[in-house]
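This report concerns only the one structure given below.
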Amino acid sequence: MSGYMLRRALATLPVMTLVALFVFLLLRLSPGDPAAIIAGDMATPAQPEQIRELMGLNQPLYLQFFIWLGDLLRGDLGVSLISHTPVAGMIADRIGPTLSIALLTMLISVTVAIPMGILAAWRHRKLVDHLVMTFSVLGFSVPVFVTGYVFVLVFSLKLGWFPVQGFTPISAGLWSFLKTALLPALTLTTIYVALIARMTRANMLDVLGEDYIRTARAKGGSEMRVLFRHALKNAAVPILTVIGTGFALLIGGVVVTETVFNIPGIGRLTVDAILARDYPVIQAVILLTSFLYVLINLIIDLSYSLFDPRIRY
Amino acid sequence: MTEILKTLVEAAPPGRTRRIPQMGMTAKIALTILMVIVILTVIAPWIVPHDPLQMDPLARLKGPSLDHLLGTDNFGRDLLSRIMIGGRLSLMIGVATACVSVGLGLILGLVAGFFRRADAVIMRLMDALMAIPSILLAIALVALNGASVGSVIAAITLPEIPRVVRVVRAVILSAREEPYVEAAISLGSRTPLILFRHLLPNTLAPLIVQGTYILASAILAEAVLSFLGAGVSTETPTWGNIMAEGRMFFRIKPELILFPGLVLSLCILSVNLLGDAARDMLDPRLRKSAR
């Protein structure tokens, strides 16, 4: 078991290295001289040369990569071109709102989507099924920011239930946190629920057609027991997988949602960095979210054996 | 022996006729909506009621009227005309992205599925690409390469490629084990012939489905990029940047986001529904189990 876990964890290293290489090349191979970009429009001709010397840009490309990777492993993500503060610190300051909204979204989505998917599969081709499928395809089709603005219009401006913008951290009390975080989380929930409910439904439909379900019913097991104990447990692995791969979708959604609700999180940081062409920040955010994605999928992979004892490590 | 093998090869797809099932009601409605949107945007330059770039300082943020059916934006430009013209670039970027990512993904997927050595390399690269959240990757690419139409297409295309590669590779991996492919190999067919004559046709159906979904997600991605300020320059209207400009005035005139948002959502919705319909029609395995 632990041997497999170790091997599986080590297997993520090549992917992470490739991601790092990719992000490194993204900045170095793009048109435009990084030194000139960093020096800015007002630079004297000598300044880019100085920066090149300072940043080691005169070194061969592979050497630059290893130096950069070394800094990265020591937790040095570079310095912002605009605020001249370490990027790692900037991200640490902003990660709270993003993580809390992402977690709240995951929590709501999983509790809502899995019963929705089960219900749709159980009442296959009945009204509930059609409603779930309609919601699901809508969730994929309506852009997050359109949903967000419709929610703001209805729940904040018309009904006055929530503040229009802003964010209160959870440390200031659960109620005030929920007041600001619930609407953004619900906005994001629409895509995530669509994804998970659809996957749950499809896999439950597959499983419900199996012989052992008929056996379970024939034994006189209650419908609840058949659905949750026999069917859901066997449909769990693909559902877990999609929760993991959907994380990338969630990150993209968070960036947009934070812009709509003006929340000072990683998303706002990224968008501000784009507008200011603050490359080290963009680079760091991409690296961090990709590593998080790989990590989450690793954890999910390792949790398969909890649901399916046939998967043994 | 060779005779038997030859018949096996000849009996294989393509050429196998398959009864194409009828399109469902939902798909027909979706197709109609999409056709209306596409036709209106294509002929837009000849039928728009106003010049979409014509500013009118006296008619800023006006509500719907006979002259301006959907009202005007913060520069007094006609919203309906802007949405109609804006759809051209949005749809063009979507179609271009779908074509390029399917094309590149097909080549990489064929190579990965057929040549074991290339497989490991290509798939690790695709894994890495999949790990990077697509919107962030696209934002970074546009930020670095400038906000031209070309770089927006490239930025949306790159994250979509792994999806195509995985689909094509999976199809090739299972098809190459089929008796007709083994027969073709043992008959001494050259690799390109096996790849293009025998394996390629298998990928057509899944690619149509995948391509439709990519079209939907590309139209969405363009809007998101523009909305975040990393899209095509605001001089040319797209659905995304019309909404981005409307952000500042959302409290006064939410229609600036709601109307383009509605058209955009309807368009993506109908493309997604057509994708579902195509999948149901083209994939006999799913047709049996999912119904």
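Protein chains get the first letters and strands the later ones, always in sequence-line order, with residue 1 at the start of each.
- Counting heavy-atom pairs under 4.5 Å between each of B/A143, B/S217, B/G261 and chain A puts B/A143 at the top.
- Looking at B/I268, both its backbone and its side chain come within 4.5 Å of chain A, counting heavy atoms on both sides.
- Most heavy-atom pairs under 4.5 Å with chain A, from the set B/D127, B/I135, B/N272: that is B/N272.
- Annotation: maximal heavy-atom pairing with chain B below 4.5 Å, among A/T289, A/I282, A/V152, occurs at A/T289.
- Taking OG1 of A/T17 as the start and CZ of B/R124 as the end, the distance is 12.5 Å to the nearest 0.5 Å.
- Contacts of B/L158 with chain A are made by side-chain atoms alone, with heavy-atom separations under 4.5 Å and no backbone atom involved.
- A/V271 touches chain B through its side chain: at least one heavy atom from C-beta onward sits under 4.5 Å away, while N, CA, C and O do not.
- Your options are B/A131, B/P133, B/A128, and the one with the most heavy-atom pairs under 4.5 Å with chain A is B/A131.
- Heavy-atom distances place the side chain of B/L141, and not its backbone, under 4.5 Å from chain A.
- Taking the six-membered ring where the residue is Trp, A/Y149 and B/F227 present perpendicular rings, their angle passing 60° and hence far from 30°.
- Interface remark: of the candidates A/V146, A/L18, A/V256, A/L157, A/L18 forms the most heavy-atom pairs closer than 4.5 Å to chain B.
- Proximity to chain A (any heavy atom under 4.5 Å) is shown, for B/L266, by neither the backbone nor the side chain.
- With a 6.0 Å radius and a threshold of 12 heavy atoms from other residues, nucleotides or ligands, A/R8 has its CZ atom above the threshold.
- When heavy atoms are compared at a cutoff of 4.5 Å, B/A140 approaches chain A by way of both its backbone and its side chain.
- A/R268 CZ to B/L228 CG: the interatomic distance, rounded to the nearest 0.5 Å, is 8.5 Å.
- With a 4.5 Å cut-off on side-chain heavy atoms, B/D276 and A/M133 do not count as touching.
- Within the model, atoms CD1 of B/I132 and CG of A/L26 stand 7.5 Å from one another, a figure rounded to the nearest 0.5 Å.
- Residues A/S141 and B/L220 come closest through the heavy atom pair O-CD1, 4.2 Å.
- In this structure the side chain of B/I257 never reaches within 4.5 angstrom of the side chain of A/L153, judged on heavy atoms.
- Residue B/L136 touches chain A through both its backbone and its side chain, counting heavy-atom pairs closer than 4.5 Å.
- Considering all non-hydrogen atoms of both residues, B/Y213 and A/R198 come closest at OH-NH2, 4.0 Å.
- Both the backbone and the side chain of B/L269 come within less than 4.5 Å of a heavy atom of chain A.
- Only the side chain of A/F22 comes within less than 4.5 Å of a heavy atom in chain B; its backbone stays farther off.
- With values rounded to the nearest 0.5 angstrom, B/L273 atom CG is found 8.5 Å from A/T134 atom OG1.
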